[in-house]
Trainee: 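For reference, the structure I am asking about is given below.
All ligand and atom numbering here is 1-based and tracks the order in the structure. In what follows, every heavy atom counts, from backbone to side chain, and hydrogens, waters and symmetry copies are set aside. The first residue in the sequence is number 1, and the count goes up from there.
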Amino acid sequence: MKDIELAKQILNNDNKTIVIVKDGKVIFTSENKGIKPVYEAFNELKDELKGSSVSDKVVGKAASMIYKHAYIKELSTKLISQNAVDILKNTSIVFEYQKLVSYIKNREQSGMCPIEALSLDVNNIDELLSKISDFLGKERTLVLIKPDAIERKLMGEIISVYEKNFNITDLKMIKPSVEIAEKHYYEHRDKPFFNELISYIIRGNVCALIIEGKNVIERVRKINGATDPKNAEPDSIRGKFALSKQENSVHGSDSKESAEREIKIWFG
Ligand code: IDP
Ligand code: MG
């Protein structure tokens, strides 16, 4: 049975307070209600569970339940502690939901990580899962403002379009090396326009941005417009500014995988 199914089944069963699943096997269940057995269980299992705190496990639990369902690569140390990340790798911890909520409600809110805070005002596990998925649905993408736009001093105007619609979380000017340009456009290496494309992208400064938001990958590509300005919506960035199919002012990643690959190339 999948973790998620097991978790739901357990959470719908009044008799069980806590179940700890490790490597796909149930290694601990408690028939008692209340938070006390949870602490006791963690005490007993602290070596096995790397001695992390209860809150790590609460977060680890929430995260592990959606692990196979949501985009979780981004659920890094930014959102949860390293201990919870470690636990995620091989352990799922399932609490009775109401006990989890009362436990969280009694905690200092300022110390909460975002996922804990999300679980405060939901009524059941499905709501919690969908809230967390929404939260994690926040994507990142890589945008490049290409040399033709920088040369024509359109950078500010173009950045303001993204800024109004999304959060810009990182930004830099860079004159790309051939190596960076070839890595970035690797998928086009066999295309007839490849060499020309590389010469164009390295001919001057490029402004690279990491942009974050819900469905940002698809939305940025829509705002950018079609590759060839002849086909681009007139009010898209390419529709307004692109000079040709090649000198088309901006780049936006085309998938989550491309976004992560490209962010690594440009931001390390
Ligand atoms: P995209 O930037 O809209 O994702 P891709 O097909 O991935 O478009 O192409 C990458 C870049 O290569 C384009 O943005 C453009 O600068 C350039 N390019 C694409 N097709 C051509 C072409 O037919 N001739 C010249 N350059 C092209
Ligand atoms: Mg592309």
Trainee: Using only heavy-atom distances, determine whether the side chains of Glu262 and Ser253 contain a donor-acceptor pair under 3.5 Å.
Mentor: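 A pair is found: one side chain offers a donor N or O, the other an acceptor, under 3.5 Å apart.
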
Trainee: Rounded to the nearest 0.5 Å, how far apart are CG of Leu243 and CZ of Arg152?
Mentor: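 One gets 3.5 Å once the value is rounded to the nearest 0.5 Å.
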
Trainee: Report, in ascending order of atom number, the atoms of ligand 1 lying under 4.0 Å from any heavy atom of Asn248.
Mentor: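 Once the distances to Asn248 are compared, the set is 13 (C), 14 (O), 15 (C), 16 (O).
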
Trainee: Just go through Phe193, Tyr200, Tyr185 and tell me whose heavy atom is the nearest to atom 21 (C) of ligand 1.
Mentor: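 Of the listed residues, Phe193 has the closest heavy atom.
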
Trainee: Does Leu197 reach ligand 1, in the sense of a heavy atom lying below 4.0 Å from it?
Mentor: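 Checking ligand 1 against Leu197, which is what was asked, there is a heavy-atom contact under 4.0 Å.
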
Trainee: Looking only at distances, please establish whether an N/O atom of ligand 1 is found under 3.5 Å from an N/O atom of Gln246.
Mentor: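 Right, the criterion is met.
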
Trainee: Parallel, tilted or perpendicular for Phe193 and His188, by the 30°/60° rule?
Mentor: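 Ring orientation, 0 to 90° scale: tilted.
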
Trainee: Looking only at N/O atoms, are Glu187 and ligand 1 under 3.5 Å apart anywhere?
Mentor: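 Between Glu187 and ligand 1, no N or O pair is found under 3.5 Å apart.
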
Trainee: Does Arg203 make a cation-pi contact with Tyr200 (under 6.0 Å, within 45 degrees of the axis)?
Mentor: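 No, cation not above the ring by the 6.0 Å, 45° rule.
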
Trainee: Do NZ/NE/NH1/NH2 and the carboxylate oxygens of Glu187 and Arg261 come within less than 4.0 Å?
Mentor: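 Salt bridge: no.
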
Trainee: Write down the atom of Ile159, the atom of Cys207, and the distance for their closest heavy-atom approach.
Mentor: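 Closest approach of Ile159 to Cys207: CD1-SG, 4.2 Å.
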
Trainee: Where is the nearest protein heavy atom to atom 1 (P) of ligand 1: which residue, which atom, and how far?
Mentor: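 Residue, atom and distance for the closest contact: Thr227 OG1, 3.6 Å.
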
Trainee: Can you check which of Arg238, Lys146, Arg221 brings a heavy atom nearest to atom 2 (O) of ligand 1?
Mentor: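 Residue with the shortest heavy-atom distance to the ligand atom: Arg238.
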
